[in-house]
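Residue numbering restarts at 1 for every chain, and letters A, B, ... go by the order of the sequence lines. Computed over heavy atoms, backbone and side chain alike; hydrogens, waters and symmetry mates excluded.
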Amino acid sequence: MSAEIRAHLAELFTTALARVAPQQSAAVVEFERPKQAAHGDYSTSVALQLAKPLAKPPRAIAQSLVDALPPSAWLEAAEIAGPGFINLRLKPAAKQATVRAILAAGRTYGRAARPARQRVIVEFVSANPTGPLHVGHGRQAALGDAIAALLEAQGHTVHREFYYNDAGAQIENLAKSVQARAYELLGVAVPFPEDGYHGDYIREIAQGYLAAHGVAADDPHALEKAKARLDDLDAVRRFAVAALRAEQDRDLKAFGVAFDQYYLESSLYADGRVAKVVAALVAAGKTYEKDGALWLITTDFGDDKDRVMRKSDGTYTYFVPDVAYHVTKWERGFGKAINVQGSDHHGTVARVRAGLQALGIGIPEGYPDYVLHKMVTVMKGGAEMKISKRAGSYVTVRDLIDEVGRDAVRFFLVSRKAEAEFVFDIDLARSQSEENPVYYVQYAHARISSVLDQWRAAHPGELGGDAARLAEADLAPLTGARELALTARLGEYPDLVAQAARELAPHLVAFYLRELAGEFHSYYNAERFLVPELPLRLARLALAAAVRQVLANGLALLGVSAPEKM
RNA sequence: GCGCCCGUAGCUCAGUGGAUAGAGUAUUGGCCUCCGGAGCCAAGGGUCACAGGUUCGAAUCCUGUCGGGCGCGCCA
């Protein structure tokens, strides 16, 4: 709706501008929503911007423009204010139309009117299977899934992908840790790997491995039965990876996040893509040999030093398969790629992009896009929570879900800009009371549902009790200041979603929902819906139903439920 | 030392170059014979880290300084 209003206003001003200052008719007139209601529904500073080129006082320009505006069915008044702002007030009919549009569109309200049909891949979480997911992964999961949903709302075809390393040194380390714990369980003291994994889960996996091979710890012949199995490090590795992948999948499912594809780093070696990329880079003349290693000249592409691709021992550094992986994204037809990662990985950005550019195969310079997020600090009882029994040295996603529930975790983790450090206050998230923003928004949704239920009970048969049919209601009775402000807020939603998608910033949606819910709660407290007068009753219920629809649509983008009862 | 990000109310944080910088929370004081009080109304609380610059106009853009986080190995 707001897009139509903007287009309409732009047309009015373009016409006025052509009359007043034909030499400036190319100027683009921008409209913004003033912070203060007294400044109207929209305002433009075009007169201020034209003051210099036209060499006239801004207020005089504003006056000429206002005088030259063609008549409009939507525009109620244009007023000049302050140094030369033009404040525009819309007729109630323009705002009331928003309510009807929302009820007619239902779940699709907020989706782009003109879909941008691009194939986009969003890579997120990408945790290596060496332990349970930690809170950083949780932030990535919440962010990545919301970003993907936002892009879908803009009409893109979105592919959610999880990339993981199933073969490197860390995995080797995992296998050795499990092996050592298994020996311990059998009463054999073995040295624990220096950089081994210490969480309780390692012991569980070790137990699982023994059990899977029919070895019980109290069996006097356990050791001799198990030894061959335990010394098969490759088998231990496969077992451990499978166990941890299964656990991560359970956690992701509990978090409401699903992926279209899991991409294995090892497959890039197996299918020759890594070797192919190296050969292509050498052939492109972007490499050199030094100290027995092969280097990529990343400094040609903005990096601050060249990087080793192939170490002197003949193995590749991690970023080579990373480049090969991103080539597959391009070759799979994803014109846009977004990677959600912790900001501790920002060193890889320049390297991956440089590698892709050095190949010279037509991949755009900024490919892929990165959303880098800062660390999450978890607070509980006024102190930082640093450990969990299961994982050892870090707090897991599962810990958070167990503490405060999925909805609160997801809402909290997307309610901050990615690049801001984030303090997650467990006590705040857990309190089911007024200080919790998740429940505040959900409560507004449940409240409206309850009002609609009571409407059906009190006035059976009215519009068939169908909330969607409230779109048929005459909305002219909606003339109160709160009502018009609410409709204006509802009208902002599609623009807001578009902006959040453009900026890859789901926190904008979270803040919008907080504000919308707040305005609704105020309205609820000030007015009644189930009034005796039929036209007013239906008009207000239509407004409430529209609010509920937008709350539900917004919460869905964030992966948070919209309950009818709480 | 170099690079990236951040610095806004006691705390946690919003803030597309626009008008008097906003929420939540905390504190204080009010509101339920009435559709869900997980709610509402109100008050107090600010050197937008600091200093220059660009601009009709700067929390926002540029430069520098200070403070914090992260990254800078033939680790991933």
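Base contact: A:Asn87 has a heavy atom under 4.0 Å from a base atom. No engagement by A:Ala350 is indicated, since no non-hydrogen atom pair under 4.0 Å with the nucleic acid exists.
Each of B:G18, B:C74, B:A38 was ranked by its minimum atom distance to the side chain of A:Val308; first place goes to B:C74. The side chain of A:His39 lies closest to B:A19, out of B:U55, B:A19, B:C40. In the set B:A38, B:C6, B:C40, the nucleotide with an atom closest to the side chain of A:His521 is B:C40. Of the listed nucleotides (B:U16, B:A19, B:G18), B:G18 has the atom at the smallest distance from the side chain of A:Ser45. In this structure, of B:A19, B:A14, B:A76, it is B:A19 that holds the atom nearest to the side chain of A:Phe85.
A salt bridge links A:Glu483 and A:Arg540; the closest N-O separation between the charged side-chain nitrogens and carboxylate oxygens is under 4.0 Å. Between A:Glu492 and A:Arg33 there is a salt bridge, with a side-chain nitrogen of the basic residue lying less than 4.0 Å from a carboxylate oxygen of the acidic one. By the 4.0 Å N-to-carboxylate-O rule, A:Glu161 lies too far from A:Lys329 to be salt-bridged with it. Salt-bridge check for A:Glu462 with A:Arg469: failed, with every basic side-chain N at 4.0 Å or more from each acidic carboxylate O.
Annotation: side chain to side chain contact (heavy atoms under 4.5 Å, CB included) contacts of A:Gln170 (sequence neighbours excluded): A:Asn128, A:Thr130, A:Tyr197. Taking the side chain to side chain contact (heavy atoms under 4.5 Å, CB included) definition, one finds that A:Thr317 meets it with A:Val308, A:Lys311, A:Phe319, A:Val320, sequence neighbours left out. With sequence neighbours excluded, the residues that form a ring-ring contact (aromatic ring centres under 6.0 Å, His included) with A:Tyr512 are A:Tyr493. For A:Tyr443, the ring-ring contact (aromatic ring centres under 6.0 Å, His included) partners at least two apart in sequence or on another chain are A:His521. Residues satisfying the side-chain hydrogen bond (donor to acceptor under 3.5 Å, both in side chains) criterion with A:His445, sequence neighbours excluded, are absent altogether. Residues that satisfy the ring-ring contact (aromatic ring centres under 6.0 Å, His included) test with A:Phe511, not counting sequence neighbours, are absent from this structure. For A:Arg89, the salt bridge (charged side-chain N to carboxylate O under 4.0 Å, His left out) partners two or more places apart in sequence, or in a different chain, are A:Glu79.
The minimum heavy-atom distance between A:Ile448 and A:Ala545, with the atom names listed, is CG2-N, 4.4 Å.
Put simply, CE on A:Met379 is 11 Å from P on B:C13, counting in whole angstrom units. Here the C1' atom of nucleotide B:A19 and the CD1 atom of A:Ile86 are 14 Å apart, to the nearest Å. When rounded to the nearest whole Å, the span between CD of A:Glu503 and C1' of B:U60 equals 13 Å. Distance CZ (A:Arg351) to P (B:A76): 11 Å, rounded to an integer number of Å. Taking atom CG on A:Asp425 and atom C1' on B:U25, their separation rounds to 10 Å, with Å as the unit. The nearest whole Å value for the distance from the CD atom in A:Glu519 to the P atom in B:A23 is 11 Å.
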Which protein N or O atoms sit under 3.5 Å from an N or O of nucleotides 33-36 of chain B?
from, atom 1, to, atom 2, distance (Å)
B:C34, O2', A:Arg528, NH1, 2.5
B:C34, O2', A:Arg528, NH2, 3.1
B:C35, O4', A:Arg528, NH2, 3.4
B:C35, O3', A:Gln454, OE1, 2.9
B:C35, O3', A:Gln454, NE2, 2.7
B:C35, O2', A:Gln454, OE1, 3.0
B:C35, O2', A:Gln454, NE2, 2.9
B:C35, O2, A:Phe529, N, 3.4
B:C35, O2, A:Leu530, N, 3.2
B:C35, N3, A:Phe529, N, 3.0
B:C35, N4, A:Tyr524, O, 2.8
B:C35, N4, A:Glu527, O, 2.3
B:G36, OP1, A:Ser450, OG, 2.8
B:G36, OP1, A:Gln454, NE2, 2.5
B:G36, OP2, A:Gln454, NE2, 2.5
B:G36, O2', A:Tyr443, OH, 2.5
B:G36, O2', A:Arg447, NE, 2.9
B:G36, N7, A:Ser450, OG, 3.2
B:G36, O6, A:Met566, N, 3.4

Give me the distances for all protein-to-nucleotides 66-70 of chain B N/O pairs that come in under 3.5 Å?
from, atom 1, to, atom 2, distance (Å)
B:G69, N2, A:Lys374, NZ, 2.8
B:G69, N3, A:Lys374, NZ, 3.1

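Of the side-chain N and O atoms in A:Tyr440, one or more sit less than 4.0 angstrom from OP1 or OP2 of B:C40. A:Lys305 has no side-chain polar atom (N or O) that falls below the 4.0 Å cut-off from OP1 or OP2 of B:C74.
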Report the C-alpha separation of A:Arg245 and A:Gln248 in whole Å, then their side-chain angles, then the decisive distance to 0.1 Å, and conclude whether the side-chain hydrogen bond (donor to acceptor under 3.5 Å, both in side chains) test is met. CA-CA 5 Å; A:Arg245 284 285 320 119; A:Gln248 291 183 353; 3.0 Å; yes

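Within a heavy-atom distance below 4.0 Å of RNA chain B, the residues of residues 288-297 of chain A found are A:Lys290, A:Asp291, A:Ala293. Less than 4.0 Å separates RNA chain B from no heavy atom of any residue of residues 131-144 of chain A.
Base orientation for B:C11: anti, the chi torsion being more than 90° from 0.
Residue A:Gly347 is the one, among A:Asp306 and A:Gly347, whose nearest nucleotide of RNA chain B lies closer to the 5' end (criterion: closest heavy atom). Mapping A:Lys417 and A:Leu372 onto RNA chain B via the closest heavy atom, the residue that lands nearer the 5' end is A:Leu372.
Between the side chain of A:Ser415 and the base of B:A14 there is no donor-acceptor pair of N/O atoms closer than 3.5 Å. In the interface, the side chain of A:Ser522 is not paired with the base of B:C40 through any donor and acceptor atom under 3.5 Å apart. For A:Tyr318 against B:A76, a side-chain N or O and a base N or O form a donor-acceptor pair under 3.5 Å.
Once rounded to the nearest 0.5 Å, the distance linking CG of A:Leu268 with OH of A:Tyr163 reads 5.0 Å.
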What pattern of brackets, bars and dots sums up RNA chain B from 5' to 3', given Watson-Crick or G-U wobble pairs under 3.5 Å, [ ] for crossing pairs and | for another strand? (((((((..((((....[...)))).(((((.......))))).....(((((..]....))))))))))))....

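Side-chain rings of A:Tyr523 and A:Phe529 approach one another, their centers coming within less than 6.0 Å.
Ring orientation note: the planes of A:Trp295 and A:Tyr288 are close to parallel, at an angle under 30° on the 30°/60° scale.
In A:Met385, the CE atom is crowded: over 12 heavy atoms of neighbouring residues, nucleotides or ligands sit closer than 6.0 Å.
Annotation: cation-pi geometry not satisfied between A:Arg139 and A:Phe424 (NZ/CZ under 6.0 angstrom from ring centroid, within 45° of ring axis).
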